[in-house]
Asker: 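Quick one: the structure is below, questions incoming.
FYI, side chains are in, hydrogens and waters are out, and symmetry mates aren't considered; it's all heavy atoms of this structure. Here is how names work: the chains are called A, B, and so on, in the same order as the sequence lines, proteins then strands, and each is numbered from 1.
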Protein chains: 4
Amino acid sequence: MARPRTSGSKKARRAEPEERRQAILEAGLSVFAASGFEAAKLDDVADKAGIAKGTIYLYFSDKHDLFEQIVRHAVTPVLGQLQNVVALPDLPTEDLLARIFEVFRTEVLQTDRKLVIRLVLTEGSRFPKIAAFYHREVIAKGLGLIRQVAERAHARGELASDEIKKFPHLVFAPLLLSVIWDGLFSRIEPLDVEGLLAAHRKVLIGSGSRRRTGK
Amino acid sequence: MARPRTSGSKKARRAEPEERRQAILEAGLSVFAASGFEAAKLDDVADKAGIAKGTIYLYFSDKHDLFEQIVRHAVTPVLGQLQNVVALPDLPTEDLLARIFEVFRTEVLQTDRKLVIRLVLTEGSRFPKIAAFYHREVIAKGLGLIRQVAERAHARGELASDEIKKFPHLVFAPLLLSVIWDGLFSRIEPLDVEGLLAAHRKVLIGSGSRRRTGK
Amino acid sequence: MARPRTSGSKKARRAEPEERRQAILEAGLSVFAASGFEAAKLDDVADKAGIAKGTIYLYFSDKHDLFEQIVRHAVTPVLGQLQNVVALPDLPTEDLLARIFEVFRTEVLQTDRKLVIRLVLTEGSRFPKIAAFYHREVIAKGLGLIRQVAERAHARGELASDEIKKFPHLVFAPLLLSVIWDGLFSRIEPLDVEGLLAAHRKVLIGSGSRRRTGK
Amino acid sequence: MARPRTSGSKKARRAEPEERRQAILEAGLSVFAASGFEAAKLDDVADKAGIAKGTIYLYFSDKHDLFEQIVRHAVTPVLGQLQNVVALPDLPTEDLLARIFEVFRTEVLQTDRKLVIRLVLTEGSRFPKIAAFYHREVIAKGLGLIRQVAERAHARGELASDEIKKFPHLVFAPLLLSVIWDGLFSRIEPLDVEGLLAAHRKVLIGSGSRRRTGK
DNA sequence: GATGAATGAGGATTCATTCAT
DNA sequence: AATGAATGAATCCTCATTCAT
């Protein structure tokens, strides 16, 4: 995605302000995700970002603000990608789902973005603004995307049930479970996410896909 | 009264130790769930339990211990119920799932037990012992239960896919989503959990249950 | 031991709450007076009061509150004394003034009460509530008292000018100056307060007391 | 232009160093007076002076130094004026006092100079050097001036009491009170300073000036 | 056993001061 | 010289934990 570069570049001796902001956001994400909002220490954020404590306050008004910015910052890109995948016209639903799940797996589960989801899950109820923002920008859009897919799939007879149009959540639920499992139980009992999502696809497609996949 | 054990003198004015323990655990659950572990104040727990702050330390060694006991305390009962449901031999899978989901909806989602799940989700990663305990006592058992159901169902041809035997998580995922949605987004966009779970059942059953597609 | 319950009048091991409050107020007065509100450290207050930092917050909600209570605490007693002096019926005005000034000198200037006045002078403009309180409880009453004296004195022809009835401030001004001088310049050039006040009396009485003639 | 001194090149766009110094001193006076030394922020001083924060340190070594310079800067002029007034040989004392008080009222009370007095009052005890400076440059000279007046007046029989020669403070006290009242209580109960000073004059003159007691 | 006053370690935030540009 | 971003020491306040009663 292209963003217009501001500031007449040249060689920047001092870190560009925007770089610093990014560094703080990233450091903050990892610290908040590791400790939760309350237990997170801004000292640790500063250390991790390689700056002094006070510097954080040049970029964010306080701990709350930093938290909100972190969530807002890490949100949009993925949905754009998915939008592109969904826009592919003639992909069979099974393949489409495969691509979507794969994007999720590689672009979310295997990156720091899963930390943002986890942060929203764990802290969202105490940050109504963040919950609302996340619902509006991610959840609603994501479910809309799935609904789109479901409608097209159903029209073609490629889905097990038209219920999914009404409850796209069902498509998303195992993805959510993956994120959570990853954070809580993967060390105790690793989860084969690829397998899980493949199985999920099969269930969703069910007999909708013409071929029978008997075993 | 169950135990005329300790303070048998005069009126049973002083609470039995076990009652106090319970009171603290319940108060703790609601306070921890509302604020998260770090932000929860033992002062509030004490107030809510109707005791003095110091008293907590007569029953629990510290805040961590209280948290762990809270989770341990609120765990077993439901699984027993489900075990009973599953043990019913001749129930069609669709009905069985309906019963299971219903138990979850009424006994978990509509009670404080959902708070425990949320607590494990939000704090579990910082309490490995709790995560392990919960995995062992709830997750593993629950998934085992579902796997049982799936195996039986598949043997009878009542399930869309035998993948579910390998990934019983798929059955559980929407339940998890319900709990999370309830905590984060229900005020923004309420979720029709009954509808969701009904749809989920349909998807799971798929074309598997030919005998009963009437319903 | 340990049977004498809840603070009878017996021997209290632990300091009575009210004693503690007093100790904090006194410590606070000296620290605030020495450093000013902003520069005063609650650590120092705690040290001086012989308690832990946190204890202050059991008695006062925050630094502001402590400051306000300090001023409120040290206010009323003296005015009562002056009221009594003024109530003496037949004292010649000159003697009455002498007694008033003497009370001020010994009960204010030579005690910590002068610190309160100084505190109000130095911080009052940033604490409108305190300024209003002090004006209402001390200034207004004090000026009222002086006006009383002036009216009686004038009726008897014992005052230089009836202007003092309109501006009792004139009687008070040198007292204020004494307090300020004491704080700022006494080490550089000590002020003979007794002499000053004696001279002040003479000026106020002027020829009024000699001739005893109405104008 | 008065001084084509330093940066004579191009347009006089860049402020003369001395102008900057003045600007900082003035800004500092208003900020220090409004907040007190401790609470005053150099950020605010810089903003108000229209310069960058770091620039302050090119002119002053630190916050203390700035404070001292502020007081030193705003001191001398008025006394010169008063000196001139007092030097008028044949003015009756009452008129002389009227002139003096009037200068004080218009040149101090109605200007920022009253801020300096207030600053010395409120912060002086923590800045012994400033207190000493102010005593030497203002107080001592001012009292000396008054003593001069008093001596002359007494020689002419124009004063109520010769005590004033020994305690010229008595003449000054109501002026001090005016400054303080203005800062603390004027919003609660305005003070008629002109009236006060007129009354003060009458008291001071007392029966001394028989010639002019026409009421 | 209970109590709740007292403790003091810990962390968010501010702001005088520095220094690279 | 001037700037203002960066620094980090300093301080208020909170709250888990202790302990005298």
Asker: With a cut-off of less than 4.0 Å, is there a side-chain N or O of A:R20 near OP1 or OP2 of F:dA6?
Answerer: yes
Asker: Scan residues 54-69 of chain C for pairs that pass salt bridge (Lys or Arg N to Asp or Glu O under 4.0 Å), counting only residues two or more places apart or in two chains.
Answerer: C:E68-C:R72, C:E68-C:K129
Asker: My understanding is that only residues two or more places apart in sequence, or in another chain, count here; which of them pass side-chain contact (heavy atoms from CB on, under 4.5 Å) with A:A39?
Answerer: A:S35, B:E38
Asker: For a 4.5 angstrom cut-off between non-hydrogen side-chain atoms, does D:I70 reach D:V116?
Answerer: no
Asker: Output the rounded distance in Å from CD1 (D:I24) to P (F:dA1).
Answerer: 12 Å
Asker: What would the secondary structure line of DNA chain E be in dot-bracket form, counting Watson-Crick and G-U wobble pairs under 3.5 Å, with [ ] for pairs that cross earlier ones and | for pairs with another strand?
Answerer: .||||||||||||||||||||
Asker: E:dT14 P sits how many Å from C:K63 NZ, rounded?
Answerer: 15 Å
Asker: Rounded to whole angstroms, how far apart are CG on A:D65 and P on E:dA12?
Answerer: 15 Å
Asker: In residues 30-54 of chain D, which residues come under 4.0 Å of DNA chain F by heavy atom?
Answerer: D:I51, D:A52, D:K53, D:G54
Asker: Once side chain to side chain donor-acceptor pair (under 3.5 Å) is applied, do any residues pair with A:Q22, and if so which ones, sequence neighbours excluded?
Answerer: A:E18, A:H73
Asker: Can you find a side chain N or O atom of D:Y57 that sits less than 4.0 Å from OP1 or OP2 on F:dA2?
Answerer: no
Asker: With sequence neighbours excluded, give me every side-chain hydrogen bond (donor to acceptor under 3.5 Å, both in side chains) pair touching residues 113-124 of chain C.
Answerer: C:E107-C:R113, C:R118-C:D182, C:E123-C:R126
Asker: Rounded to whole angstrom units, what separation is found between the CG atom of D:L66 and the P atom of E:dA16?
Answerer: 11 Å
Asker: Quick check for you: to the nearest 0.5 Å, what is the distance between C:L42 atom CG and C:D47 atom CG?
Answerer: 11.0 Å
Asker: Quick one: A:D62 CG to E:dT14 P, roughly how many Å, whole number?
Answerer: 8 Å
Asker: Just to verify, what does C:F37 make a ring-ring contact (aromatic ring centres under 6.0 Å, His included) with, not counting sequence neighbours?
Answerer: C:F32, C:H64, C:F67, C:F127
Asker: Between D:H64 and B:L58, which has a closest nucleotide on DNA chain E that is more 5'?
Answerer: B:L58
Asker: Just how far, in rounded Å, is P of E:dG11 from CD1 of A:I56?
Answerer: 14 Å
Asker: Figure out the CZ/C1' separation between D:R21 and F:dA1, and round it to whole Å.
Answerer: 16 Å
Asker: Please list, one pair per line, the donor and acceptor atoms closer than 3.5 Å that link side chains of residues 48-58 of chain D to other protein atoms, with sequence neighbours excluded.
Answerer:
residue : atom : partner : partner atom : Å
D:K48   : NZ   : D:S30   : OG           : 3.3
D:K53   : NZ   : D:D43   : OD2          : 3.4
D:T55   : OG1  : D:A52   : O            : 3.4

Asker: Whole angstroms only, please: what is the CD-P distance between C:E19 and E:dA6?
Answerer: 11 Å
Asker: Roughly how far, to the nearest 0.5 Å, is CD1 of B:I117 from OH of B:Y134?
Answerer: 4.5 Å
